[in-house]
Q: 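Here it is, the structure, as structure tokens.
As the structure is a computational prediction, the values presented were derived from the model and not from experiment. One-based numbering, in listed order, for ligands and for the atoms of each.
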Amino acid sequence: MTVPDPDQQRAGEPLRVAVIGSGPAGIYAADALIRQSRVPVRVDVMDRLPTPYGLVRYGVAPDHTKIKGVARALRKVLEHPHVRFVGGVEFGAALTRAHLARTHHAVVYATGASVDRRLGVPGEDLPGSVAATDFVNWYCGHPDSELERFVLGAEEVAVVGAGNVALDVARILVKTADELRHTDIPQPVLEALAASSVRVVHLLARRGPLQAKFTAPELRDLLALPDVDVVVSAEQVDIDPADVGGPAPEVHQVARAARTNLRLLSDQARRAPRGCARSVRLHFWVRPEEILGTDRVTGVRLEHTRLDPDGHLAGTGQTTLLDVGMVLRSVGYAGVPLPGVPFDPVERTVPQEAGRVLDTAGRPVPGDYVAGWIKRGATGVIGTNKSDAAGTVRSLLDDAPTLRSGAPDLVPLEALLDELGIGHSGYGDWLRIDSAEAEQAERLDRGERVKLHGWGAYREVIEGG
Ligand code: NAP
């Protein structure tokens, strides 16, 4: 009689994978897992929130409905019979990596980059100096954000940074409430924006128009606003398009996009302001030296900048004062360490090679993988996460035989969560929130969806269901 080989027996069983984070990176990882036929899989996509889609729901600007449409594709993945959405479970709190070793063969961390990078200048923490992440969370209705968080009482606001988030933030500040009423912005946020005193938004870029990180579609969106003057000084855009600056490899990558931006900005510089009630003024070659004020922000002292011959940013020593009542710092997002998972505090990412998490000695941590912004930093568009996650999943599938052979008999995730006393929600609960948001939009006569806001509102819908 032949004794069955336990490894061979296990080879027929599905590989159980926990994905931590249900943003685009996490869901694209689940998608790559279910699309292949090499290894049978079951995927649990877990999230701290009872709502899936991460930055698609809580980061993409509410008026970017086309980008938000990605959620329709992501939804199909969550509805696949071999994928399960488990909401309301925070990894690293009551549920640790050691616990997941009892339920899954592998874990993919896809927790994104949820906090702001700091400017590191005096006055940064004054009331009225706000991280763009906080402002974005507020207008996207993130349940951790307080509805009363922003009273937009300042007439002039500075937005620091020249990335796409800076453009999002500036655009939301200058659009009229009428232009935003058909978006999913929570009703109290829409009311606060309607009561806003903001008239001028100064966008502060520490380098020039050819080095700005924002992309042409987002710049066009800003320039197309019907009731807003976008003011660009002809002097600042009067440059040779070949003069991209920076180290040579960067020049090739960015040159085309940079020249498109320059062309759009040069065209705009030739247009006379139309006397609109609101304006966005672009200032290149300035960086905040200090945010001014005693009880709250009253202004910002800017140092003028230039590129040195090696293409590095340098201060000129010359300064300018700008009177503003609010400063929004939009200088990039950073990852947050996950308990028990290696972390690079400088890059603010999880160290990895081909998606395999590496320990401090540079060795792969068995069963641990990483995808998305927590893997490569806060760069790229939503679609970038698809190929990124696919790369991680290739490594995971290559490791599948080892992952299975070393594993104990696994227990179902629900059994573990029950044993640990961790409450959780499911995909059906999210669908109830989804319907409640659609009903709210109908009641308020506003678009397809108006976001519910706050943990209490989510709980009410889930418990009421
Ligand atoms: P980002 O693209 O990295 O832009 C950050 C900006 O902040 C840059 O202009 C950077 O200037 C500036 N900056 C950094 N440190 C600074 C400092 N100490 N002082 C002054 N300025 C400073 O970051 P992001 O705007 O947060 O966007 C994150 C990612 O999301 C990007 O990949 C972006 O394209 C993507 N996104 C896409 C969309 C869309 O597709 N619609 C919308 C939003 C976000 P330097 O270039 O000089 O470093």
Q: Does even one non-hydrogen atom of R287 get within less than 4.0 Å of ligand 1?
A: no
Q: With distance as the sole test, does Q211 use its side chain to make a donor-acceptor pair with the main-chain N or O of G208 at under 3.5 Å?
A: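 Yes; judged by distance alone, with no hydrogens or angles, the pair exists.
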Q: Quick test of your reading of the structure: of Q211, R206, R117, whose heavy atom lies closest to atom 15 (N) of ligand 1?
A: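 The option holding the nearest heavy atom is R206.
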Q: I'd like to know whether the aromatic ring centres of F150 and F135 sit less than 6.0 Å apart in this structure.
A: yes
Q: Looking at ligand 1, does any of its N/O atoms fall within less than 3.5 Å of an N/O of G380?
A: yes
Q: For atom 25 (O) of ligand 1, which of the options V160, V165, L119 provides the nearest non-hydrogen atom?
A: V165
Q: Ligand 1 and K213, any nitrogen or oxygen pair closer than 3.5 angstrom?
A: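 Yes.
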Q: Hey, what do you get for NZ (K386) to CD1 (I27), rounding to the nearest 0.5 Å?
A: 12.0 Å
Q: Provide the closest heavy-atom pair for T392 versus K375 in the form atom of the first, atom of the second, distance.
A: OG1-NZ, 3.0 Å
Q: List every atom of ligand 1 that sits less than 4.0 Å from any heavy atom of Y333, numbering the atoms from 1 in the order shown and giving each element.
A: 26 (O)
Q: Tell me the contacting part of L167 for ligand 1: side chain, backbone, both, or neither, using a 4.0 Å heavy-atom threshold, strictly below.
A: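 Neither part.
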Q: Taking it one step at a time, do L190 and T183 satisfy side chain to side chain contact (heavy atoms under 4.5 Å, CB included)?
A: CA-CA 9 Å; L190 184 69; T183 70; 5.6 Å; no
Q: Could you say whether the N/O atoms of E218 and ligand 1 ever approach to under 3.5 Å?
A: yes
Q: For the pair W373 (side chain) and T379 (backbone), establish whether a donor and an acceptor sit closer than 3.5 Å, ignoring hydrogens and angles.
A: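 Indeed, once roles are kept as given, a pair shorter than 3.5 Å links the two residues.
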Q: May I ask you to decide if the ring planes of F85 and Y427 are parallel, tilted or perpendicular, using 30° and 60° as cut-offs?
A: perpendicular
Q: Have a look at V169, L55, D168 and point out the one with the heavy atom closest to atom 43 (C) of ligand 1.
A: D168
Q: Kindly identify the option in V136, N164, T384 whose heavy atom sits closest to atom 38 (C) of ligand 1.
A: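 Result: the heavy atom closest to atom 38 (C) of ligand 1 is in N164.
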Q: For atom 1 (P) of ligand 1, tell me which residue out of G163, A162, G383, G59 has the closest non-hydrogen atom.
A: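 Comparing heavy atoms across G163, A162, G383, G59, the nearest one to atom 1 (P) of ligand 1 lies in G163.
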